[in-house]
S.K.: 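Below are the structure tokens for one structure; questions will follow.
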Amino acid sequence: MYPAIKHLHMTLAMISILGFMLRAVWLFSQSSLLHKKPVKILPHIIDTLLLASGITLMVITTQYPAILNWVTLKLVFIVCYIVFGILTFKAQAKNKQILFFLLAIGTVFAVLHLAFGKPVY
Ligand code: HEM
């Protein structure tokens with residue numbers, strides 16, 4: 001059960017990140033694909049499943065956010081990633097879209113670093 005959920009979680013994380021990058025490409029190239037219904041709905045479904053699988057892993061592995069550990073930091077960076085991701089598509093000016101996109105990619109790398117490294121502070 002645990003390996004299956006972990007693989008599902010990692011697959012969902014990759015789909016979420018690649019999907020975000022693809023939508024950013026469509027944003028920057030002013031593609032009409034960005035406004036298609038599945039493109040608007042699918043990220044919510046994938047991210048909800050990603051969150052649910054993450055919480056399941058948290059319970060299975062009993063690695064809960066404490067005062068400061070990798071899970072806490074990871075959740076902080078995930079919130080930043082979500083906010084920067086939303087701002088990427090909300091911003092009107094191209095330089096702001098690029099700035100928020102780069103911040104989102106930066107925070108998602110921090111999430112991946114924490115997920116793989118599980119550093120102990
Ligand atoms: C952008 C969102 C996310 C990304 C990119 C991501 C990425 C990953 C990756 C790559 C791993 C596997 C690391 C390894 O090899 O051990 C992992 C594990 C884990 N994730 Fe996430 N994750 C995300 C969201 C979440 C959320 C929202 C939670 C909890 C609410 C969560 C909780 C966990 C836990 C507890 C593990 C550890 C499982 C273990 O120790 O085997 N993740 N995550």
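We count ligands from 1, going down the list as the structure has it; atoms in each ligand are counted the same way. The structure displayed is predicted, hence computed values, not measured ones.
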S.K.: Would you say Thr62's side chain and Val59's backbone share a donor-acceptor pair under 3.5 angstrom?
M.R.: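 A pair under 3.5 Å: no.
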S.K.: If the contact criterion is a heavy-atom separation under 4.0 Å, does Lys118 count as touching ligand 1?
M.R.: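 So Lys118 counts as touching ligand 1.
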S.K.: Just let me know how Trp70 lines up against ligand 1, side chain, backbone, both or neither, with a heavy-atom cut-off below 4.0 Å.
M.R.: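 Under 4.0 Å from ligand 1, Trp70 contributes side-chain atoms alone.
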S.K.: Would you say Ala115 reaches atom 21 (Fe) of ligand 1 with an N/O/S atom under 2.8 Å?
M.R.: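 Within the cut-off used here (under 2.8 Å), Ala115 places no N, O or S atom near atom 21 (Fe) of ligand 1.
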S.K.: If we only count N/O pairs under 3.5 Å, is Tyr2 in contact with ligand 1?
M.R.: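 Indeed, backbone or side chain, Tyr2 has an N or O that close.
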S.K.: Heavy-atom count around Phe77 CZ within 6.0 Å, excluding the residue itself: above 12?
M.R.: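 Result for CZ/Phe77: open.
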S.K.: Determine whether a donor-acceptor pair (N or O, by modelled atom type, separation under 3.5 Å) exists between the side chain of Ser16 and the backbone of Leu12.
M.R.: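 Not a single qualifying donor-acceptor pair exists.
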S.K.: I need the NE2(His9)-atom 21 (Fe) of ligand 1-NZ(Lys74) angle, rounded to 10 degrees.
M.R.: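 His9 NE2 and Lys74 NZ form an angle of 180° at atom 21 (Fe) of ligand 1.
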S.K.: Report the residue from Phe89, Phe84, Phe28 that forms a ring pair (Phe, Tyr, Trp, His ring centres under 6.0 Å) with Phe101.
M.R.: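 The option that passes is Phe28.
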S.K.: Say whether Ile17 and Ile15 are linked into one hydrophobic cluster, either directly or through other cluster members, by side-chain heavy-atom distances under 4.5 angstrom.
M.R.: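 No, Ile17 and Ile15 fall in different hydrophobic clusters.
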S.K.: Only heavy atoms of Leu51, strictly under 4.0 Å: list the atoms of ligand 1 that pass.
M.R.: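 In order of number, 27 (C).
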S.K.: To the nearest 0.1 Å, how far is atom 28 (C) of ligand 1 from its closest protein heavy atom, and which atom is that?
M.R.: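 So the nearest neighbour among protein heavy atoms is Gly54 CA, 3.5 Å.
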S.K.: Please evaluate residues Val108 and Ile78 with respect to the criterion side chain to side chain contact (heavy atoms under 4.5 Å, CB included), reporting the C-alpha separation (whole Å), side-chain torsions for both, the decisive distance (0.1 Å), and the verdict.
M.R.: CA-CA 7 Å; Val108 90; Ile78 287 166; over 6 Å; no
S.K.: Could you pull out, from Ile78, Thr56, Thr107, the option with a heavy atom nearest to atom 24 (C) of ligand 1?
M.R.: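 The nearest heavy atom belongs to Ile78.
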S.K.: Taking all non-hydrogen atoms of both residues into account, name the closest pair between Ile105 and Met21 and its distance.
M.R.: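 In this case the closest contact between Ile105 and Met21 is CD1-CE, 3.5 Å.
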S.K.: Atom 38 (C) of ligand 1: which of Met10, Met58, His7, Gln63 has the nearest heavy atom?
M.R.: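 Answer by nearest heavy atom: Gln63.
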S.K.: What are the two closest heavy atoms between Ala104 and Gly85, and how far apart are they?
M.R.: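 Heavy atoms of Ala104 and Gly85 come nearest at CB-N, 4.1 Å.
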S.K.: With no hydrogens and no angle check, is any side-chain donor or acceptor of His113 less than 3.5 Å from a backbone partner on Phe109?
M.R.: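 Answer holds: no.
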S.K.: Just need the protein heavy atom nearest to atom 15 (O) of ligand 1, so name the residue and atom and give the distance.
M.R.: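 So the nearest neighbour among protein heavy atoms is Phe116 CD2, 3.4 Å.
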S.K.: Would you mind telling me if ligand 1 is within reach of the side chain of Val71, the backbone, both or neither, using heavy atoms under 4.0 Å?
M.R.: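 The answer is neither; Val71 stays 4.0 Å or more away.
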S.K.: Could you check whether any side-chain N or O of Gln97 sits under 3.5 Å from a backbone N or O of Ala91, counting only pairs where one atom can act as donor and the other as acceptor?
M.R.: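 Yes.
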S.K.: For Leu75, is the nearest heavy atom under 4.0 Å from an atom of ligand 1?
M.R.: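 Within the 4.0 Å threshold, so yes.
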S.K.: With heavy atoms of Val111 as the reference, note each atom of ligand 1 found under 4.0 Å away.
M.R.: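 Under 4.0 Å from Val111, ligand 1 has these atoms: 3 (C), 4 (C), 5 (C).
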S.K.: Look at atom 2 (C) of ligand 1 and say which protein heavy atom is nearest, naming residue and atom and giving the distance to 0.1 Å.
M.R.: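 For atom 2 (C) of ligand 1, the nearest protein heavy atom is Leu50 CD2, 3.5 Å.
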S.K.: Does ligand 1 have a heavy atom under 4.0 Å from the side chain of Ile55, from its backbone, from both, or from neither?
M.R.: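 Both backbone and side chain.
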S.K.: Identify the protein heavy atom lying closest to atom 5 (C) of ligand 1, giving its residue, its atom name and the separation to 0.1 Å.
M.R.: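 The answer is Ala13 CB, 3.5 Å.
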